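Report on one structure; see the data block that follows.
The structure presented is a predicted model; accordingly, all values stated were derived computationally and were not measured.
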Amino acid sequence: MLKHKEYNLTTQAVFIFISKFIQILFQFLVPVILIRILSQTDYGIYQKVLFFTALAIPLFQFHFTASLYYFFPISKKINQLNEFISQTYYQLLVICVFASITILISLFFLESYFEDKIFYRYIYQILAIIFFTVCSSILENIFILEKKSKLVVIVTSVDKFLRTSLLLVIISIYQTIELALLALIIHGFLRFIFLTIYLFKNYKLNILLIKIANLKTQWNYVMPMGLGLFIGVLGKNADKLILVWLLTNSDFALYTIGNLSIPLIATVYISIGNVIMPELAKYSINKDLDKSLILWKSMIIKNSIITIPVLFFFIIQAKEIFIVLFTNSYADSANVFRIIVLTLLIQMLGYGYVLRAFGKTKKILIAKIYRTTLSLLVGYFLIKNFGIIGAALTFLFSYFVNAIIQLIETKKLLKVSLKEYLPWLDFAKLLGISIIPSIIIIYTNSLNWPAIQILFFNALIYFGILILLLYYFNYLKKFGYEKILKNILSK
């Protein structure tokens, strides 16, 4: 029998939060520096290349890496676990090689049909980044699966530091896109080598361990999710897919900068979601709809305590934030950002958790199909007529369609009235709490001060008043900050 150390779910969530925070910190740092080195056009080209890789990576993975979350815990013998690890590793390798060869052959016949030649100019770099990222993707999960929470933080920190350092050092010296991409390839290669050595040492990595029966089992598991992933990726990236073909490299640069998420918010959602999902799964076994609703609403309240107040501040101060971080050249990105951050009001609802816990994944797939179809149709019209603002509206529309369908299905599943379905009163209270300091900083924004001074001064006023109001209305206690601090400090 496999022996894994017992661990506390909340503690695990805290360490996952820390690792995700480190990732976001480095991801946020890179564009702040790159836009000061590259021209807006070159930065747009760089982001297009990254977009092509980001689009392909989950499709190449085809949920094989994620399937280990299912097969790892149920593997009761070490030999069986070694088989699934080897099988997953070598399948990713074969998929990447086969897909790369197919793409290279296809380009000879398809090149004349595309006006944007960036994909073709950097095709070898794109395929190399995809290859090493996909083939090393088990690294993102293996330490979580082994319940080595602290190691997750260490490996994540080293990995992101290495990637950021390589990229910034090389691009600072040579200031070319080609060498920036080379830095990413070197980083991917090092990850791949590290993972391969680790799996050889700990899981006896061997292609001869692959069994036909295990292959069939894994393919049966990943096939529905893989097909759903393909649809989901198209729908999620409809804005950028259309933007790549219709607008200039400079427009793409402005849009990608504006498409940055607020640091930590999504990480909070994931951390809280990781805690409630196992509990929801337990309730689903007994068909306990009442407890499921209570737990789900508790998660929404925690998410909204962070989301609603922070959203007000970032929308009001968007222009100053973008001027300080990205210079005046990217001030127009602030309007894109103001639209895109509204998706947080949808994300905070955790609209897929209940359906997933109760095994209603077909409902999620249907929602993704509608999102993809409608987003591509509506997005083409919006982007063609309104440019990067149209792209931001497409992004918001995509989230809305997906969420509203899943929320309707969740309401049907839980069998509750609209009044009982969501914590409407808490939404209203948090809205009121956020409006009070917002009025003050809207006034102080009119002061003729430098952007960085306005931003710092308003942040002190807004969050100072906000914390007092949240404490007065008992929302800090509802969020559970005392338990979180105790969990972190006790480790």
Lys368-Asn402 side chain donor-acceptor pair, cut-off 3.5 Å = no
The side-chain contact (heavy atoms from CB on, under 4.5 Å) partners of Ile101 (sequence neighbours excluded) come to Val97, Ile105
Mind checking the CG-CD spacing from Leu92 to Gln87? Nearest 0.5 Å is all I need.
-> 10.5 Å
Determine whether Phe51 and Asn237 make a side-chain contact, defined as any pair of heavy atoms from C-beta on separated by less than 4.5 Å.
-> yes
If you round to the nearest 0.5 Å, how far is CD1 of Ile95 from SG of Cys135?
-> 9.0 Å
Within 6.0 angstrom of Phe427 CZ, more than 12 heavy atoms from elsewhere | yes
Applied to residues 240-260, the salt bridge (Lys or Arg N to Asp or Glu O under 4.0 Å) test, sequence neighbours excluded, yields none
Quick one: list whatever passes salt bridge (Lys or Arg N to Asp or Glu O under 4.0 Å) with Asp42, sequence neighbours left out.
-> none
When rounded to the nearest 0.5 angstrom, what distance separates CZ in Phe252 from OG1 in Thr41?
-> 13.5 Å
Can you name the residues that form a salt bridge (Lys or Arg N to Asp or Glu O under 4.0 Å) with Arg191, not counting sequence neighbours?
-> Glu140, Asp159
Under the side chain to side chain donor-acceptor pair (under 3.5 Å) test, which residues partner Tyr43, sequence neighbours left out?
-> Gln47
Report yes or no: do Tyr89 and Thr196 form a side-chain donor-acceptor pair below 3.5 Å?
-> yes
Of all heavy-atom pairs between Leu167 and Ala180, which one has the smallest distance, and what is that distance?
-> CD1-O, 3.5 Å
Do the ring centers of Tyr421 and Trp296 come within less than 6.0 Å of each other?
-> yes
Mind checking side-chain contact (heavy atoms from CB on, under 4.5 Å) for Ser100 and listing every partner two or more places apart, or none if nothing turns up?
-> Leu127
Would you mind reporting whether Pro31 and Ile257 have side-chain heavy atoms less than 4.5 Å apart?
-> yes
Should the pair Trp449 and Phe457 be assigned to parallel (<30°), tilted (30 to 60°) or perpendicular (>60°) ring geometry?
-> perpendicular
How close do Val401 and Ile404 get, heavy atom to heavy atom, and via which atoms?
-> O-CG2, 3.4 Å
Would you indicate whether the side-chain heavy atoms of Ile123 and Ile103 approach each other to under 4.5 Å?
-> yes
Got more than 12 heavy atoms from elsewhere within 6.0 Å of CD1, Ile452?
-> no
Does Lys363 have any salt bridge (Lys or Arg N to Asp or Glu O under 4.0 Å) partners at least two apart in sequence or in another chain, and if so, which?
-> Glu409
Only distances under 3.5 Å count here; give the side-chain donor-acceptor pairs of residues 61-68 to other protein atoms, sequence neighbours excluded, each with its distance to 0.1 Å.
from, atom 1, to, atom 2, distance (Å)
Gln61, NE2, Ser137, OG, 3.4
Thr65, OG1, Ser137, OG, 2.8
Ser67, OG, Phe64, O, 2.5
Ser67, OG, Gln218, NE2, 3.0

Heavy-atom side-chain contact between Ile170 and Leu182 under 4.5 Å | no
In this structure, which one of Phe313, Phe314, Phe456 forms a ring-ring contact (aromatic ring centres under 6.0 Å, His included) with Phe463?
-> Phe313
Is there a side-chain contact between Pro437 and Ile441 (heavy atoms, below 4.5 Å)?
-> no
Check the angle between the aromatic planes of Phe386 and Phe381 and answer parallel, tilted or perpendicular using the 30° and 60° thresholds.
-> perpendicular
If only atom types and distance count, is the side chain of Arg338 paired as donor or acceptor with the main-chain N or O of Ile315 below 3.5 Å?
-> yes
Please identify each residue that fulfils side-chain contact (heavy atoms from CB on, under 4.5 Å) with Val378, with sequence neighbours left out.
-> Leu382, Phe397
Report, as yes or no, whether the 6.0 Å neighbourhood of atom OH on Tyr90 holds more than 12 heavy atoms from other residues, nucleotides or ligands.
-> yes
Considering residues at least two apart in sequence or located in another chain, which fulfil the side-chain contact (heavy atoms from CB on, under 4.5 Å) criterion with Pro450?
-> Gln453
Is the CZ atom of Phe400 crowded by more than 12 outside heavy atoms at less than 6.0 Å?
-> no
Could you tell me whether the side chain of Lys48 reaches within less than 4.5 Å of the side chain of Asn249, counting heavy atoms only?
-> yes
Test salt bridge (Lys or Arg N to Asp or Glu O under 4.0 Å) applied to Asp332 - qualifying residues, sequence neighbours left out = none
For residues 306-322, pull every pair meeting side-chain hydrogen bond (donor to acceptor under 3.5 Å, both in side chains), keeping only residues two or more places apart or in separate chains.
-> Tyr269-Thr307, Gln317-Glu320, Gln317-Asn445, Gln317-Asn458
